[in-house]
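All values below were derived from every heavy atom in this structure, side-chain atoms included, with hydrogens, water molecules and symmetry-related copies excluded. For clarity, every value in this text was computed on a predicted model and none was experimentally measured.
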Amino acid sequence: MDTREYKDLDKKEKRKRQKEITKTFSKLGFLAFGGPAAHIAMLEEETIKKKNWLSREKFLDFMGATNLIPGPNSTEMIMLVGYERGGLLGLYNAGAAFILPAMLIVMAFAYLYVDYGTLPQLATVLEGVKAAIMAVIVHALYRLFRSAVKDKLSLIFGAVIAAIYILLGVGEIPLLFMAGLMMLLLKNRGSFLNRANSLAIPIIFLTFLKIGSVLYGSGYVLLAFLETEFVEKLGVLTSQQILDAVAVGQFTPGPVFTTATFIGYVLGGIPGAIAATIGIFLPAFVISSFIKPIIPKMRASKWLSAVLDGVNIASLVLMAVVSVKLGAASIVGPITALIFVGSMIGIMRFKINTVWLIAAGGAITFIANLI
């Protein structure tokens, strides 16, 4: 695998890298069901385990950094990996390749929703898909924890963060900042002691630009922002329409933020969908392009390196807790339990491509419900 920096390549090799980035992240855009935890798990498998584009330690630093900035965390992760592999052009290439397939799929569901007033019933297929995805997430968590938990201090720290989150109910964002500060203090204690269609397209764009600029906590916090902006302030959607939009964003592949595409379509047709999608993702492109060069400097600093270590462990703890909740909701019977176990064996023992496992999971539950 070519590990040279992008700037050192000739024009032909740079074009080859960009094609590779487009192909890799387009595939994820079509297949990355299951929300941010699943996206990160599949990203780790695709770019580290299979392609060895970057180290697991650098991947964890990207995770920590994206959890400290607003925007869709898993999409920003993809942008940073694209930057690592293909420079600034790679960042925009990776982000667009990941977002576009999901945007088109969500737009198709929005068309059906507007025309027929309902959504296709995909729950049967999705049961098997989610069970297979849970196996992918668990396996990725195992590999990432091995890189993040380097000593007894890290292990104890992770347990404490999990206890604070589960028992005390501290929110995700305060917990991440708290974890960074705590690890800084621990690692440097010695130094311290010495309305529809009538709503104008620009308003759709600006509203989602504002949401994309200030929203922390990935796609799962999006619901509250949408409710405030479009139900309470603008009064152009109902709460049920917001819930339907979030549901589409959750069960389609790609970033959960493509919920914006659905709402944009409902409010302004195809122009509204495009305006909403650009608005909500634009801040992520800008912020990611600025933060990528800063991350190595953070890692080189004794103080900021400790902050990253703390945030990295806290990010994995949060991902693990969310995965447990997702698992409880995903494994709903003997068939889905067997899919989960079979997928785990397929990944760990036989190294089966996750694409086939996810497709098989959906097919098995679909066939089982027909029998």
Student: Find the distance between CE (M42) and NZ (K49) and round it off to the nearest 0.5 Å.
Tutor: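 Those atoms lie 12.0 Å apart.
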Student: Cut-off 3.5 Å, side chains only: do N93 and T22 have a donor facing an acceptor?
Tutor: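 N93 vs T22: donor-acceptor pair found between side chains.
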Student: If you measure only the distance, is there a donor-acceptor pair under 3.5 Å linking the side chains of T24 and E46?
Tutor: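 No, no side-chain donor-acceptor pair sits under 3.5 Å.
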Student: Could you measure the distance from the CE atom of M103 to the CZ atom of F281? Nearest 0.5 Å is fine.
Tutor: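 If I round to the nearest 0.5 Å, the distance is 9.5 Å.
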Student: Flag the pair K292 / M79 as yes when at least one side-chain heavy-atom distance between them is below 4.5 Å, and no otherwise.
Tutor: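 With C-beta onward as the side chain, the pair stays apart.
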Student: Are L282 and I263 grouped together when hydrophobic residues (ILVMFWY) are joined by side-chain heavy atoms under 4.5 angstrom apart?
Tutor: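 Same cluster: L282 reaches I263 through Ile, Leu, Val, Met, Phe, Trp or Tyr contacts under 4.5 Å.
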Student: Taking all non-hydrogen atoms of both residues into account, name the closest pair between H39 and S74 and its distance.
Tutor: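 Shortest heavy-atom separation between H39 and S74 comes out as ND1-OG, 3.0 Å.
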Student: Do T207 and I203 make a side-chain contact, defined as non-hydrogen atoms from C-beta onward lying under 4.5 Å apart?
Tutor: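 SC-SC contact between T207 and I203 confirmed.
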Student: With a 3.5 Å distance limit and no angle check, can you tell me whether N52 reaches the backbone of K50 through a side-chain donor-acceptor pair?
Tutor: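 Looks like no, no N/O pair under 3.5 Å.
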Student: Under the salt bridge (charged side-chain N to carboxylate O under 4.0 Å, His left out) rule, what do R299 and D309 come out as? Steps first, then yes or no, please.
Tutor: CA-CA 9 Å; R299 179 50 72 189; D309 286 341; 3.0 Å; yes
Student: Testing the basics here: between Q18 and G86, what is the closest heavy-atom pair and its distance to 0.1 Å?
Tutor: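 Closest approach of Q18 to G86: NE2-O, 3.0 Å.
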Student: Between E13 (side chain only) and D10 (backbone N and O only), is there a donor and an acceptor less than 3.5 Å apart?
Tutor: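 Yes, E13 side chain to D10 backbone: donor-acceptor pair under 3.5 Å.
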Student: How close do T258 and A102 get, heavy atom to heavy atom, and via which atoms?
Tutor: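 Looks like CG2-CB, 3.7 Å.
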Student: Is there side-chain contact between W53 and E84, with at least one heavy-atom pair below 4.5 Å?
Tutor: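 Of all side-chain heavy-atom pairs linking E84 with W53, none is under 4.5 Å.
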Student: What distance separates D61 CG from I295 CD1, expressed to the nearest 0.5 Å?
Tutor: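 These two atoms lie 7.0 Å from each other.
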Student: Would a hydrophobic clustering, with Ile, Leu, Val, Met, Phe, Trp and Tyr connected at side-chain separations under 4.5 Å, put L338 with F340?
Tutor: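 In one cluster: no.
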Student: Ring centroid separation for F230 and F208, is it under 6.0 angstrom?
Tutor: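 Ring centroids of F230 and F208 are less than 6.0 Å from each other.
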Student: Give the minimum heavy-atom separation between S288 and L80, together with the two atoms involved.
Tutor: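 That closest heavy-atom pairing would be O-CD2, 3.6 Å.
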Student: Roughly how far, to the nearest 0.5 Å, is the CE atom of M107 from the OG1 atom of T277?
Tutor: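 One gets 6.0 Å once the value is rounded to the nearest 0.5 Å.
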Student: So, does T336 use its side chain to make a donor-acceptor pair with the main chain of G333 at under 3.5 Å?
Tutor: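 Yes, T336 side chain to G333 backbone: donor-acceptor pair under 3.5 Å.
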Student: Between the side chain of R85 and the main-chain N/O of R17, is any donor-acceptor distance below 3.5 Å?
Tutor: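 No, R85 side chain to R17 backbone: no donor-acceptor pair under 3.5 Å.
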Student: Hey, are the side chains of T238 and V231 touching, using non-hydrogen atoms and a 4.5 Å cut-off?
Tutor: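 They are not in side-chain contact.
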Student: Please say whether more than 12 non-hydrogen atoms of neighbouring residues, nucleotides or ligands are located less than 6.0 Å from NZ in K19.
Tutor: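 No, the 6.0 Å shell around NZ holds no more than 12 heavy atoms from other groups.
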Student: Strictly distance-based, threshold 3.5 Å: is any side-chain N or O of S289 a donor or acceptor partner for the main-chain N or O of V286?
Tutor: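 Flag set: sc S289 to bb V286 pair under 3.5 Å.
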Student: Return the minimal non-hydrogen interatomic distance between F25 and A94, and the atom names on each side.
Tutor: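 Smallest heavy-atom distance, with atoms named: CD1-CB, 3.4 Å.
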Student: Report yes if some heavy atom in the side chain of S305 is under 4.5 Å from a heavy atom in the side chain of M298; otherwise report no.
Tutor: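 Answer no - side chains too far apart.
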Student: If I take atom CD1 from residue I78 and atom CG from residue N73, how far apart are they, to the nearest 0.5 angstrom?
Tutor: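 Between I78 CD1 and N73 CG, I get 11.5 Å after rounding to 0.5 Å.
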Student: Answer yes or no: are there more than 12 heavy-atom neighbours, outside K58 itself, under 6.0 Å from its atom NZ?
Tutor: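 Check fails, neighbour count at 12 or below.
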Student: Step through it carefully: locate the ring centre of F285, locate the ring centre of Y92, and say whether they are under 6.0 Å apart.
Tutor: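 When the ring centroids of F285 and Y92 are compared, they turn out to be within the sub-6.0 Å range.
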Student: So, do Y265 and V106 sit near enough that their side-chain heavy atoms are less than 4.5 Å apart?
Tutor: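 Answer no - side chains too far apart.
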Student: How close do I280 and P283 get, counting heavy atoms only, and between which atoms?
Tutor: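 Taking I280 first and P283 second, the nearest heavy atoms are O-CD, 3.7 Å.
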Student: Can you check whether M63's main-chain N or O pairs, donor with acceptor, with T66's side chain at less than 3.5 Å?
Tutor: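 At least one qualifying donor-acceptor pair exists.
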Student: Do F59 and M77 come close enough that some side-chain heavy atom pair is under 4.5 Å?
Tutor: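 Sidechains of M77 and F59: in contact.
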Student: Give, for atom CD1 of I278 and atom CD1 of I204, the distance between the pair rounded to the nearest 0.5 Å.
Tutor: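 Going from CD1 on I278 over to CD1 on I204, the span is 12.0 Å.
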Student: Given the rule in the salt bridge (charged side-chain N to carboxylate O under 4.0 Å, His left out) test, do E44 and R56 qualify, once you have shown the distances and angles that lead to the verdict?
Tutor: CA-CA 8 Å; E44 185 270 345; R56 200 159 275 117; 2.7 Å; yes
Student: Heavy-atom distance under 4.5 Å between the side chains of I211 and L226, does that happen here?
Tutor: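 A side-chain contact under 4.5 Å exists here.
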